[in-house]
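The block underneath contains the structure these notes are about, expressed in structure tokens.
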2 protein chains.
Amino acid sequence: MGTADGDSTPVGTRKRAARPRQGASMADVARLAGVSSQTVSRVSNGFPGVTEETRQQVMAAMRELGYRPNSAARALKRGEFRTLGVITFSLSTMGNIRTLEAIATSAAQQGYAVTLLPVAVPTQDEVNGAFSRLGELAVDAVIVIMEIHLLDAATVSLPPGVQVVVADSDAGDRYTVVDTDQVGGARDAVRHLLALGHDTVWHLAGPEDSFAAQRRAHAWRTTLTEAGRNPPPLVRGDWSAESGYRAGLRLADEQDCTAVFAANDQMALGLLRALHERGRKVPDDVSVVGFDDIAEAASFLPPLTTIHQDFAEVGRLCVEGVLSKIRRPEHDAPTGQGTTLVPTRLVLRDSTAPPPSHR
Amino acid sequence: MGTADGDSTPVGTRKRAARPRQGASMADVARLAGVSSQTVSRVSNGFPGVTEETRQQVMAAMRELGYRPNSAARALKRGEFRTLGVITFSLSTMGNIRTLEAIATSAAQQGYAVTLLPVAVPTQDEVNGAFSRLGELAVDAVIVIMEIHLLDAATVSLPPGVQVVVADSDAGDRYTVVDTDQVGGARDAVRHLLALGHDTVWHLAGPEDSFAAQRRAHAWRTTLTEAGRNPPPLVRGDWSAESGYRAGLRLADEQDCTAVFAANDQMALGLLRALHERGRKVPDDVSVVGFDDIAEAASFLPPLTTIHQDFAEVGRLCVEGVLSKIRRPEHDAPTGQGTTLVPTRLVLRDSTAPPPSHR
DNA sequence: CCAGGGCATGTTTACGTAAACATTGCGAGC
DNA sequence: GCTCGCAATGTTTACGTAAACATGCCCTGG
């Protein structure tokens, strides 16, 4: 070296022209402030051992250059991204959205960002794709909001060393799971209707391939049987209000149907419409209980009695769970397991009443 | 050096024990496959100039070690994160959610991940906080889904060099904005009701501090005036079904009110309930038009005529806009501006009919 | 009055990757 | 038969940060 003329400054500027990269680096700030880059680092991270005067100088230099730390370099050095990945299906269901929101909020409080991995179509291929993309993603851990059966075959491609918590699913034997207490909620709904004097309770279930729907339906059946009642035939919907409407048209013709437990509020909404159209009054002729307690449920016609889910708590626990996994290096050996249940709450409104025979 | 005994292998393992870092690095793969790390890099990125045989060996080594590329190092080297940041308020409104979903999907198609920056409370402080956190975030560009007035004072802390697209707002003079054609939608709603024969149209508006609400209200007033009608007093809600209900109780007492344009579907839902309770039939006595076309709107009592918003398109355009900004280095000089409007569509259902006087 | 102990700051190095440049080896053309 | 050229692979280096270690200085205590 030394043959060419330039030797001190041009190095930093030569190639920089080709790529007008976003910002100033620590070295730039250090140069302007007349300190070493390490001092800039200390200021940037709020470490002690820096004079107030020096700190001010560095801060001024940062402002002048519009310095923002390069998080790639930071992550590379620290070995963590401070980011959580969330894999979810299209955000079509209110529950997923509310859970996601709670996750994002909790994560932010812990200084973590949340990266979304949407899976457009819930096919096995898509899920696998998401998981392999995840492999290259800058995340420290993953929260999956997804029915477990779609997760199964994807397990293989789950990179080792990536901690996972699953929400809204079962399979607590293989993953750490956080979920609403589906069984308790369904039981409360059915018992409430029985306590009002109804002989039995019909069930408008969610789609067959949903474990949440399965568990609600199962708890409905069990609760009835335990109470010595005969479970009527199960009516199947697909979570949508439209499917609730179609089911409702059928239920309206069942003259001995005085109480319906709908597996979610949307289907309950459609059900209410169908019953109204067929002239069956709610709650005078038929009582209806929903599940979820979406914001609009209080404004249905009539306001819907429903099972409140605490999505915020589910989200919070997901974050807590996944972070504790990260922080304990090898505390829980394989993947960690166990299910944490979040309790539900029966919200009484105007869609339930004693059956006609009791008045 | 050379004084201590170990010199070749222990280097890689010594400190590693303290931090059981997640995975194997390129060097590890290279060692196992008996090639250089550069060759591993070539395989990893699908570059040419590698024998099929070598490629297979490397792939095998990758699988064996469970290698996943370190995206921090990759981002550091490449100078980009392939990630978009999305700043949004609590995901309470359906519109934001659907937009976010579309953004995530579009971004994924372009090979970009999406990082969520939730702002819990829409105060100026919180927004500023989000923007400064954003400064340290691993994102190449930002999409803001937010009312613009909250963005104003935050501008200062927006790091230079970070491209921004704003959805669901105005201020196309300062930012690149993608938004639903609020004016066109509101006009269509009002004109539809006038065409049915109503003398005038009442408006159940959204909160005062929402520009979307403002524009819908303004367009409502303008359309009425242009048609030579007298705009009735404006009724104010807050987007919630509950506020729609309260407003509806008041509107039900206005005997000359035969047509209402609600600024969103949730408020329309509450309105329907209030009108029903007061014995005013929809659409026979009062016609109602909503805005948004949420999934449940078709299941309201009666099914709601409403203005459909194409949130998917809004999201798609946001991603497209922000990516084109990134890719054109300094094509659009300052911040870029201009508003892209996404058209709406009137969806006819059963909540509108000619006024009683016409039958 | 000088040694020793902090404290403020500087220097070196490594994180994992990929661009740029360097080096092999082998086949074709003269 | 020898060289030129290209294809396959290896080596060096830099990206921006922060831990670990090194330095210099001032102040205190014997």
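In what follows, chains are A, B, ... by sequence order, proteins preceding strands, each numbered from 1. Computed over heavy atoms, backbone and side chain alike; hydrogens, waters and symmetry mates excluded.
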- Task: State whether B:S25 places a side-chain N or O below 4.0 Å from either non-bridging phosphate oxygen (OP1 or OP2) of C:dG16.
- Result: no

- Query: To the nearest Å, how far apart are A:E80 CD and C:dG16 P?
  - Reply: 14 Å

- Under 3.5 Å, is there a donor-acceptor pair linking the side chains of A:S37 and A:R42? no

- Proximal nucleotide (of D:dT17, D:dA14, C:dG10) relative to the A:Q38 side chain: C:dG10

- Note on the structure: Nearest heavy-atom contact between B:C318 and B:A167 is SG-CB, 3.6 Å

- Message: Whole angstroms only, please: what is the CZ-P distance between A:R82 and D:dT17?
- Response: 17 Å

- Query: Rounded to whole angstrom units, what separation is found between the CZ atom of B:F81 and the P atom of D:dC15?
  - Reply: 15 Å

- Task: Send over the distance from B:N70 CG to C:dC15 P, rounded to a whole Å.
- Result: 12 Å

- Message: Using 0.5 Å steps for rounding, measure from the CD1 atom of B:I87 to the CD1 atom of B:I145.
- Response: 10.0 Å

- Message: Applying side-chain contact (heavy atoms from CB on, under 4.5 Å), can you list everything that pairs with B:A60, at least two apart in sequence or on another chain?
- Response: B:R63

- Are any of A:T39's side-chain N or O atoms less than 4.0 Å away from OP1 or OP2 of C:dG10? yes

- Message: Using a strict heavy-atom distance below 4.0 Å, which residues from residues 29-36 of chain B are in contact with DNA chain C?
- Response: none

- Item | Test item: side-chain donor near acceptor, A:T115 and A:T83, under 3.5 Å | no

- Message: C:dA18, OP1 or OP2 - any side-chain N/O from B:R74 closer than 4.0 Å?
- Response: yes

- Report the distance from atom CZ of A:R78 to atom P of D:dG16, rounded to the nearest whole Å. 17 Å

- Note on the structure: Hits for side-chain hydrogen bond (donor to acceptor under 3.5 Å, both in side chains) against A:R316, two or more places apart or cross-chain, chain-then-number order -> A:E313, A:E320

- Message: Can you pull out the residues from residues 42-61 of chain B that lie within a 4.0 Å heavy-atom distance of DNA chain C?
- Response: B:N45, B:F47

- Looking only at non-hydrogen atoms, find the nearest pair between B:S25 and B:Y67 and report the distance. C-CE1, 3.8 Å

- Nearest listed nucleotide, side chain of B:L76, among C:dA18, C:dG16, C:dT17: C:dG16

- Message: Between P on D:dT13 and NZ on B:K77, what's the gap in Å once rounded to a whole number?
- Response: 13 Å

- Looking at A:V322 and A:Q163, what are the two nearest heavy atoms and their distance? CG2-O, 4.2 Å

- Message: Any side-chain to backbone donor/acceptor pair from B:S324 onto B:G321? Under 3.5 Å, distance only.
- Response: yes

- Query: Mind checking what makes side-chain contact (heavy atoms from CB on, under 4.5 Å) contact with B:T54, not counting sequence neighbours?
  - Reply: B:V35, B:T39, B:V50, B:T51, B:V58

- Item | Between the first and last five pairs of the helix from C:dC1-D:dG30 to C:dC30-D:dG1, the angle of the axes, rounded to 10 degrees | 50°

- Are the side chain of B:N45 and the backbone of B:F47 linked by a donor-acceptor contact shorter than 3.5 Å? no

